[in-house]
**Q** 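What follows is a structure written as structure tokens; I'll ask about it next.
The first residue of the sequence shown is numbered 1, and numbering continues consecutively from there. As the structure is a prediction and not an experimental result, all values here were calculated from the model. Both counts, for ligands and for their atoms, begin at 1 and track the order of listing.
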Amino acid sequence: MERAQRLGVLTSGGDAPGMNAALRAAHRVGTALGFEVIGFEEGYRGLIEGRLQRLDASRLDDAARRGGTMLGSARSKEFITEAGQQRAKETILRERLGALLVVGGNGSLTGAQKLEGAPTFDGRNLRVAGLPASIDNDLGCTSMAIGVDTAMNTIVEACDRICDTASAHRRTFIIEVMGRDCGYLAMTSAVAAGADVVLIRELEKSDDALVDQIVLAIERAYGDPARRRLLVVKSEGVKLDSTRLKEAVDARIIPKIPDVDTRVTVLGHVVRGGSPSAFDRLLAARLANAATRALGEGESGFMAGWAGPGLPSGAGKLSPHDPYVVLTPIGEVLKETARLMDGTSDIAKWRRKIFSETEAILIG
Ligand code: F6P
């Protein structure tokens with residue numbers, strides 16, 4: 001490389017633990033490859049406004065242990081418009097970017113696709129790459145997104161704590177966990193936490209059926225004197241409000257078993273924060289390493305995903321730098337994500353099957 005090319009990095013959309021570890025790895029690898037690595041603040045908002053910072057290795061070392069994102073994140077409304085994208089392209093020219101690495105979810109990858117090929121200062125075209133980061137695990141073409149493992153661990157720890165007090169008082173708890181349209185977090189953490197009932201959007205149950213499910217579980221639990229607690233994990237994607245769900249359950253169960261005491265805990269943003277797990281730090285570092293190297297080799301327009309079950313066959317190619325990293329064109333990722341969300345992809349069907357089987361076992 002003649003003069004150091006500039007690699008821009010940004011984090012966008014809902015933050016996810018491990019984003020900082022991805023930035024650290026992109027900076028380290030990028031610098032070693034001869035890039036000058038710069039960070040844009042608050043995702044596409046910072047790109048539009050030209051707000052950037054030189055990344056500092058020791059700050060990144062420190063940040064990599066922490067959740068959130070040291071660059072800040074945003075869901076930019078302006079970037080969705082043609083005018084916003086034009087302003088971002090002007091920044092790309094002015095700031096002499098040769099490549100851009102976007103860390104985020106579905107919306108963030110859609111944004112990256114809009115910028116691919118934008119003119120650069122030296123008459124070439126902007127190379128772009130994406131890293132999947134979303135605690136919901138709602139992206140196609142990666143078996144895990146950055147942040148999912150930490151969020152799962154946070155939920156399990158919260159459930160364990162709630163179990164202690166629930167058992168002491170023989171109570172039922174409805175615990176609502178994040179996952180806008182995707183029940184992955186609820187289901188996996190429910191299994192890991194030893195929950196009794198799990199409610200997810202994907203099974204498309206009516207409100208009455210959800211209430212029936214909890215009522216049945218409570219009746220069984222109260223029939224067994226050894227059972228001291230009942231844990232219901234409910235995904236945010238299930239639109240019935242958790243307090244209303246509790247009231248509907250009470251209305252059915254209290255006339256039969258007056259002692260039943262049901263409480264609601266909404267974990268909310270607690271699930272998204274916190275120090276990234278070792279797995280998320282490593283996942284972020286490996287994805288960033290493979291993506292940055294591919295950008296350095298002239299590749300563009302791909303997302304670096306984690307290999308594993310459920311990836312659509314033939315959509316991507318293995319990174320020559322890491323046998324666990326698959327590079328898939330962003331267009332394919334977006335299509336597969338849409339299929340994951342509308343339930344038509346193989347992985348969506350597989351998840352629904354597993355969810356149903358798991359639910360049957362939980363109900364017993
Ligand atoms: O996309 C991740 C996520 O945490 C979802 O689980 C949740 O529905 C959403 O973001 C919340 O976003 P915000 O913090 O903007 O309300």
**Q** List ligand 1 atoms under 4.0 Å from His269, heavy atoms only on the residue side.
**A**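 Per the distance check, 13 (P), 14 (O), 16 (O).
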
**Q** Using heavy atoms and a threshold below 4.0 Å, how should the contact between Arg272 and ligand 1 be classified: side chain, backbone, both, or neither?
**A**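 Under 4.0 Å from ligand 1, Arg272 contributes side-chain atoms alone.
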
**Q** Who's closest to atom 2 (C) of ligand 1 heavy-atom-wise, of Asp136, Asp138, Leu185, Asp15?
**A**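 Result: the heavy atom closest to atom 2 (C) of ligand 1 is in Asp136.
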
**Q** Provide the number and element of each atom of ligand 1 under 4.0 Å from a heavy atom of Arg75.
**A**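 Those of ligand 1 that fall under 4.0 Å from Arg75 are 1 (O), 10 (O), 12 (O), 13 (P), 15 (O).
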
**Q** List the closest protein heavy-atom neighbour of atom 8 (O) of ligand 1: residue, atom name, distance to the nearest 0.1 Å.
**A**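 In this structure, atom 8 (O) of ligand 1 has Glu236 OE2, 2.8 Å as its nearest protein heavy atom.
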
**Q** Return the set of residues passing side chain to side chain donor-acceptor pair (under 3.5 Å) with Glu236 (not counting sequence neighbours), or none when no residue passes.
**A**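 For Glu236 there are no side chain to side chain donor-acceptor pair (under 3.5 Å) partners, ignoring immediate neighbours.
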
**Q** Below 3.5 angstrom, do we get any N/O pair linking Ser134 and ligand 1?
**A**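 For ligand 1, there is no N or O atom that lies under 3.5 Å from one belonging to Ser134.
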
**Q** Are any of the N/O atoms in Gly179 less than 3.5 Å from those in ligand 1?
**A**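 Yes, since at least one N or O of Gly179 sits under 3.5 Å from an N or O of ligand 1.
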
**Q** Please determine whether a side-chain nitrogen of the Lys or Arg among Arg263 and Asp261 lies less than 4.0 Å from a carboxylate oxygen of the Asp or Glu.
**A**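 The answer is yes: the pair qualifies as a salt bridge.
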
**Q** Hey, is OH on Tyr324 packed in by over 12 heavy atoms from elsewhere, all under 6.0 Å?
**A**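 Open: at most 12 neighbouring heavy atoms sit under 6.0 Å from OH of Tyr324.
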
**Q** Report the C-alpha distance between Asp208 and Ser206 in whole Å, list the side-chain angles of each, state the deciding distance to 0.1 Å, and finish with yes or no for side-chain hydrogen bond (donor to acceptor under 3.5 Å, both in side chains).
**A** CA-CA 5 Å; Asp208 286 345; Ser206 66; 5.3 Å; no

**Q** Any ion pair linking Glu357 and Lys353 (charged N to carboxylate O, less than 4.0 Å)?
**A**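 Salt bridge flag = yes for Glu357 with Lys353.
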
**Q** Can a cation-pi geometry be assigned to Arg6 and Phe121, taking NZ or CZ under 6.0 Å from the six-membered ring centre and within 45° of the ring axis?
**A**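 No - Arg6 does not lie over the ring of Phe121 by the 6.0 Å and 45° rule.
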
